[in-house]
Amino acid sequence: MNDIKFDIQPSQSPTPQSERDAALRDPGFGTLFSDHMAIVKYSDDKGWHDAQITARAPISLDPAASVLHYAQEIFEGMKAYKTPNDGVSLFRPDENARRFQRSAKRMAMPELPEEIFLESVKQLVAIDKDWIPSIEGGSLYLRPFMFASEVFLGVRPSKEYLYMVIASPAGGYFKSGAPAITIWATEEYSRAAKGGTGAAKCGGNYASSLPAQAEAIANGCDQVVFLDAAENKWVEELGGMNLFFLFDGNSVITPPLSGTILPGITRDSIITLLRDHGHDVREEAYSIDQWREDAQNGKLKEVFACGTAAVVTSVGKVCSKSGEFSIGNGGPGDLAATLRDQITQIQRCSGTDSYGWGVKLDC
Ligand SMILES: *Cc1c(COP(=O)(O)O)cnc(C)c1O
């Protein structure tokens with residue numbers, strides 16, 4: 001059952017090359033899609049079955065499909081890159097496969113075997129590799145996701161699911177392209193509480209973060225930063241990125257994975273890289289008050305956010321109802337730039353990779 005074979009049905013009407021090449025010059029983020037998709041069905045009776053790579057097309061759902069009512073849905077976010085000699089690479093895809101299983105477990109969904117996850121991604125990338133933009137910083141964003149498709153309104157785990165992967169060519173992530181972002185510390189909303197779904201990559205976490213993100217935009221900020229739900233004091237993460245703090249003397253703090261923070265693969269990679277650079281990295285709770293104080297007395301050198309979409313982005317300024325403060329001169333930091341370069345090179349298999357994180361695909 002785990003060595004499921006994908007039936008490959010190439011699109012009968014793929015995008016003409018000239019049209020594709022024109023679109024790939026400025027792909028933006030999340031609006032342009034490749035020609036194919038992966039799809040695997042699950043039912044309690046049959047297990048995982050009907051694995052296909054097929055033309056990307058709308059799917060029809062019964063209005064009583066369980067996901068539309070009770071939000072049993074999870075996703076992943078990863079990228080395929082062009083290597084310097086026109087090959088294709090992925091970054092730590094096995095970590096995405098394992099996190100997808102952990103998210104599934106939290107949402108009472110079946111765990112997709114790691115081999116099926118990896119095969120779905122590799123097959124889709126192989127058939128759509130011409131959709132990886134050649135522009136600087138370009139990549140093919142891959143979105144594996146799974147949802148409850150059983151036609152049933154009772155409240156219990158669905159007995160049927162669809163697992164799918166779609167691919168979207170991507171340029172940069174932030175619309176402004178700003179080198180350092182401004183973030184809004186919300187006192188109104190929290191993202192996750194102890195015992196909740198904060199560590200699962202589920203759509204619901206994002207839905208409930210949208211009013212906070214809107215509050216950030218309304219206050220002239222790029223992104224929202226959430227504090228812990230219990231005390232409204234400890235810094236947790238952004239809506240979709242983890243945070244790091246660099247202090248005088250080269251020590252680094254990142255909030256600990258206590259169940260309310262999404263365990264980012266970029267976060268994990270950065271902890272390893274920083275330790276290998278000789279930094280003292282502590283996974284330790286850090287309060288918003290301490291943050292303000294350290295920024296004002298100059299102990300805090302740099303703050304950056306990280307995630308697959310934007311890799312590493314400096315945080316220049318923090319705003320909240322109780323005022324605002326800048327980090328350093330409010331501009332991008334050197335450590336953020338160093339880490340961004342190092343990770344980008346490993347992702348594209350174009351630098352030293354002593355970790356085996358960059359995975360070349362033969363396609
Ligand atoms: C996906 C995500 C991240 C970043 O994870 P990466 O694996 O580094 O892309 C951080 N926070 C949240 C809430 C996320 O959903």
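Ligands are counted one by one from 1 in listed order, and the atoms in each one are counted from 1 as well.
- If you chain together hydrophobic residues whose side chains sit under 4.5 Å apart, I39 and L61 fall into the same group.
- A distance limit of 4.0 angstrom between heavy atoms and ligand 1 selects the residues R99, R191, K201, Y206, E237, G239, G240, M241, N242, L262, G264, I265, T266, G307, T308.
- Contact check for K105 versus Q101: no side-chain heavy atoms found under the 4.5 Å cut-off.
- One finds no salt bridge joining D94 and R92 here, because no Lys/Arg side-chain nitrogen approaches an Asp/Glu carboxylate oxygen to under 4.0 Å.
- Annotation: cation-pi pair R56/F33 present, NZ/CZ under 6.0 Å from the ring centroid and within 45° of its normal.
- Close placement of the F245 and Y286 rings is indicated, their centers lying within 6.0 Å of each other.
- Taking a 6.0 Å sphere around CD of E231, one finds it holds more than 12 heavy atoms contributed by other residues, nucleotides or ligands.
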